[in-house]
S.K.: 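This is the structure I have questions about; it appears just below.
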There are 2 protein chains.
Amino acid sequence: MKVTLKDIAQQSGYSITTVSRALAGYSDVNAQTRQHIIEIANALGYQPNLLARQLRSQRTQTIGLIIPARDNGFSNDFFTQLILGIGDAAALENYDLLVSAQKPGEEEMEAYRRIAGGNRVDGMILARTRYNDPRISYLKSRDHPFVVFGRGAPGEDSDFPYIDVDGQAAIQVVTQHIIERGHRHIGLILPPPDIAFTQYRLTGYQQALAQAGIPYRPEYVVNGDLLRAGGYQGARQLLEHQAELTAIVACNDLMALGAMKAVQERGHQVGRTFAIAGYDDIPAAEYAQPPLTTIHQPLHEIGQRLVQMLIKIIAGNPPEDTHLLLPSKLIVRESSGF
Amino acid sequence: MKVTLKDIAQQSGYSITTVSRALAGYSDVNAQTRQHIIEIANALGYQPNLLARQLRSQRTQTIGLIIPARDNGFSNDFFTQLILGIGDAAALENYDLLVSAQKPGEEEMEAYRRIAGGNRVDGMILARTRYNDPRISYLKSRDHPFVVFGRGAPGEDSDFPYIDVDGQAAIQVVTQHIIERGHRHIGLILPPPDIAFTQYRLTGYQQALAQAGIPYRPEYVVNGDLLRAGGYQGARQLLEHQAELTAIVACNDLMALGAMKAVQERGHQVGRTFAIAGYDDIPAAEYAQPPLTTIHQPLHEIGQRLVQMLIKIIAGNPPEDTHLLLPSKLIVRESSGF
DNA sequence: GGCGTAATCCAAAACGTTTTGGATTGTTTT
DNA sequence: AAAACAATCCAAAACGTTTTGGATTACGCC
């Protein structure tokens, strides 16, 4: 049977209060008494009921995280990596993780209401910000602690705590790298337009072009679904209408791999006659043929920082700077040439 | 501020009991009253406090899962895939997931005690069984519902609910496939010996050899750490002392990829003069050069079945068969020859 | 003897639900 | 007119903690 404080109290002859305080280490209980109580607790295999403790103390030591359910059309590589980083960091701080898989949409909002509104967690971590994100408005309106991986889109005011990678700079750097390899006609495969970071990536691309004195041509830019299929289709579309292209930058690795296939099918030699670059540095990027030039984000570190920032916010002393922009790293591999 | 049943009771003039029963849909409350109460609840933005509900009703609608923290030396591809499967299935059944990242060892056991013993979850899912697994003994002794992905090792009695993939058959099939390609000197890179499934894999390998009339030679078998480095080292060791080898079967893809590197460094052409196969079908396997022949496990389906079985056990009516052995699939790619 | 102080203990309230076991009406049946 | 019944409501207990605000005792000091 479950053993409770009451059982220990009866067994030891002390009150529930004293047992509780003995086990919690308060100084107003006699050393011998405490010893005695601890022994009984161990003998009975006492484990505190965390629900009761949480209800009473109004703290859960838990962080909530809602991830997209599988069939949403997005790659999950990204989220699973993030979960690991968050999970590791949370464990170090003695927090657990409450995870719920939901499709974006009404069910997802319902999960936010249930988990955040239902007091199951002390704070939440969101990712992949969308335009006018209803999750953010909800949490803000409820005054529920949260941090976000990803700023709002350029137009929006991002007055919520976030950590982001400077995707604009990253795409600029990778585009610049492609330009340095001698390319002038460079296609771009963007994420869907409702994702908040899409605009930053486009701007980075435009900046690199401008810096090199290459005119920006909108017909070189398409949107993809962040999956391999989207990259494949996007690349085919580009190649069909813009035969002069000799390079493509894709906004994530899966799309880059899809694009690589389309480019190869068209007879180009990726890495020799055609350059391709991605973004994310997923494990498959390293093993692609040719290996994919890409942008590496420190996901594990990001997870840790998200947790640390959230915990400070929960504790009521948010860090001075709740808007963190982390740098990423260009990983040059063979797909962008030699 | 948080709005509770009490607030709705005051606002509406009814008692807390009636408010609770109205919202829960009991038939002993007048239709108009219910309507009125529901309206007030909505107006106030009422969200039930789940901690209180769980404490009172002794059900949490939550499944616990403890994953290895990052620096444990194992690949996490496997676990993250599993989390997604479990998360999706759990969401469908209206369960949430409580995840904690812990290094195997005393801290991990502590987490089991805290989470299972502390009433935070209705049941737990374990994976990667070890010899004489202390987690299993603990949960059994506590009578806490759980299911395991992975049987006990051959010698042990696996009298706990589990779902496993028939790794013995899988390795037999892949070894057989290599033999059919004409190889007679086939190395094997096993997982560490303390993992429960290691023995099954070895047996499958031996069976395939025996079936083909090839003598088993223990010097063809080494253990690796389930990481790329382990595969690399294992393969180097094999090649150094057993120069006659023309093929290597590795017990997971990461080790296979490491082995591939070692083999290539030695001047062999993988897929032509040398065959390599892995196990897991991680995303990188498809993109490896050459693409890796491997074993695909239906991880998403496994996650779903684990959840369904666990939920039945929690409800008190375990399914007839709590020992499920699922088949896997051989994925033939170029690394095993043409 | 009265008073302050320190050490040790505990009853009761509180966290926010759900459930139990009626209580109170009004209506129908005998 | 009494009895049975249906409809509607609710007070109080319970889940297992933590915390508040003392109570009790023993002791030293004036």
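Proteins come first, then strands; the chains are lettered A, B, ... in the order of their sequence lines, and each starts at number 1. Heavy-atom basis, side chains included; hydrogens, waters and symmetry copies ignored.
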S.K.: Nearest nucleotide by nearest heavy atom, which residue falls closer to the 5' end of DNA chain C, Ala31(A) or Leu5(B)?
M.R.: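 Mapping each residue to its closest nucleotide by heavy atoms, the 5'-most match is Ala31(A).
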
S.K.: Starting at atom CD1 of Ile8(B), determine the distance to atom C1' of dC10(D), rounded to an integer number of angstrom.
M.R.: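 Spelled out: CD1 on Ile8(B) to C1' on dC10(D) is 16 Å.
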
S.K.: Would you say the side chain of Gln11(B) lies within less than 4.5 Å of the side chain of Asp7(B), judging by non-hydrogen atoms?
M.R.: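 No, their side chains stay 4.5 Å or more apart.
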
S.K.: When you look at NZ of Lys140(B), are more than 12 heavy atoms from neighbouring residues, nucleotides or ligands closer to it than 6.0 Å?
M.R.: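 Atom NZ in Lys140(B) is crowded, with more than 12 foreign heavy atoms closer than 6.0 Å.
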
S.K.: Can you measure Arg59(A) atom CZ to dG16(D) atom C1' for me and round it to whole angstrom units?
M.R.: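 Interatomic distance, CZ of Arg59(A) to C1' of dG16(D): 19 Å.
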
S.K.: Arg21(A) side chain: which of dC9(D), dG16(D), dT20(D) is closest?
M.R.: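 For Arg21(A), the side-chain atoms sit closest to dT20(D).
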
S.K.: Name the closest nucleotide to the Thr18(A) side chain, picking from dC10(C), dT17(D), dT18(C).
M.R.: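 Of the options given, the side chain of Thr18(A) lies nearest dC10(C).
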
S.K.: Which one, dT17(C), dT18(D), dC9(D), comes nearest to the side chain of Asn30(B)?
M.R.: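 Out of dT17(C), dT18(D), dC9(D), the nucleotide with an atom closest to Asn30(B)'s side chain is dC9(D).
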
S.K.: Give the C-alpha distance, both sets of side-chain angles, the deciding distance and a yes or no for side-chain hydrogen bond (donor to acceptor under 3.5 Å, both in side chains) between Thr60(B) and Asp122(B).
M.R.: CA-CA 6 Å; Thr60(B) 62; Asp122(B) 293 338; 2.9 Å; yes

S.K.: Please give, in whole Å, the distance from dG26(C) P to Asp28(B) CG?
M.R.: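 The distance from CG of Asp28(B) to P of dG26(C) comes to 18 Å, rounded to the nearest Å.
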
S.K.: Under 3.5 Å, is there any donor-acceptor pair linking the side chain of Arg56(A) to the base of dT17(D)?
M.R.: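 By the distance-only test, no, there is no pair.
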
S.K.: Compare the minimum distances between each of dC9(C), dT18(C), dC15(C) and the side chain of Gln58(A), then state the nucleotide with the smallest one.
M.R.: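 Given the options dC9(C), dT18(C), dC15(C), the side chain of Gln58(A) is closest to dC15(C).
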
S.K.: Over all strands shown, is Thr33(B) touching base, sugar-phosphate only, or nothing at heavy-atom distances under 4.0 angstrom?
M.R.: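 Sugar-phosphate only.
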
S.K.: For Val29(B) and Leu55(A), take the nucleotide of DNA chain D holding the closest heavy atom to each; which residue's nucleotide lies nearer the 5' end?
M.R.: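 Upstream on the strand: Val29(B).
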
S.K.: Which listed nucleotide (dG16(C), dC10(C), dC9(C)) is nearest to the side chain of Thr17(A)?
M.R.: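 Of all the options, the side chain of Thr17(A) is nearest to dC10(C).
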
S.K.: In whole angstrom, give the distance that lies between atom CZ of Arg114(A) and atom P of dG16(C).
M.R.: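 For the pair Arg114(A) CZ and dG16(C) P, the rounded distance is 20 Å.
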
S.K.: Testing Arg113(B), Arg135(B), Lys103(B) one by one against Glu108(B) for a salt bridge (charged side-chain N to carboxylate O under 4.0 Å, His left out), which residue passes?
M.R.: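 Answer after filtering Arg113(B), Arg135(B), Lys103(B): Arg135(B).
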
S.K.: Could you please name the option among dC10(D), dT17(D), dT18(C) that lies closest to any side-chain atom of Tyr46(A)?
M.R.: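 For Tyr46(A), the side-chain atoms sit closest to dT17(D).
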
S.K.: Which one, dT19(C), dC10(C), dG16(C), comes nearest to the side chain of Ala52(B)?
M.R.: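 So the side chain of Ala52(B) is nearest to dG16(C).
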
S.K.: Output the rounded distance in Å from OH (Tyr14(B)) to C1' (dC10(D)).
M.R.: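 Rounded to the whole Å, the gap is 12 Å.
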
S.K.: Remember a base hit wins even if backbone is also touched, and classify Asn49(A) as base, sugar-phosphate or nothing at under 4.0 Å, heavy atoms.
M.R.: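 The answer is sugar-phosphate, as Asn49(A) gets under 4.0 Å only of primed atoms, P, OP1 or OP2.
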
S.K.: For the pair made of OH in Tyr26(A) and P in dT17(D), what is the distance, rounded to whole Å?
M.R.: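 These atoms are roughly 15 Å apart.
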
S.K.: Within a 6.0 Å radius of atom CD on Glu106(A), are there more than 12 heavy atoms belonging to other residues, nucleotides or ligands?
M.R.: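 Result for CD/Glu106(A): enclosed.
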
S.K.: Heavy atoms only, 4.0 Å cut-off, all strands: where does Ser57(B) land among base, sugar-phosphate and nothing?
M.R.: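 The answer is nothing, as Ser57(B) stays clear of every strand by at least 4.0 Å.
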
S.K.: Under 6.0 Å from the CD atom of Glu107(A), do we count more than 12 heavy atoms belonging to anything else shown?
M.R.: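 At most 12 heavy atoms, drawn from other residues, nucleotides or ligands, come within 6.0 Å of this atom.
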
S.K.: Rounded to whole angstrom units, what separation is found between the NZ atom of Lys2(B) and the C1' atom of dC15(C)?
M.R.: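 These atoms are roughly 13 Å apart.
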
S.K.: Would you kindly give the CG-to-P distance between Leu50(A) and dT17(D), to the nearest whole Å?
M.R.: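 For the pair Leu50(A) CG and dT17(D) P, the rounded distance is 9 Å.
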
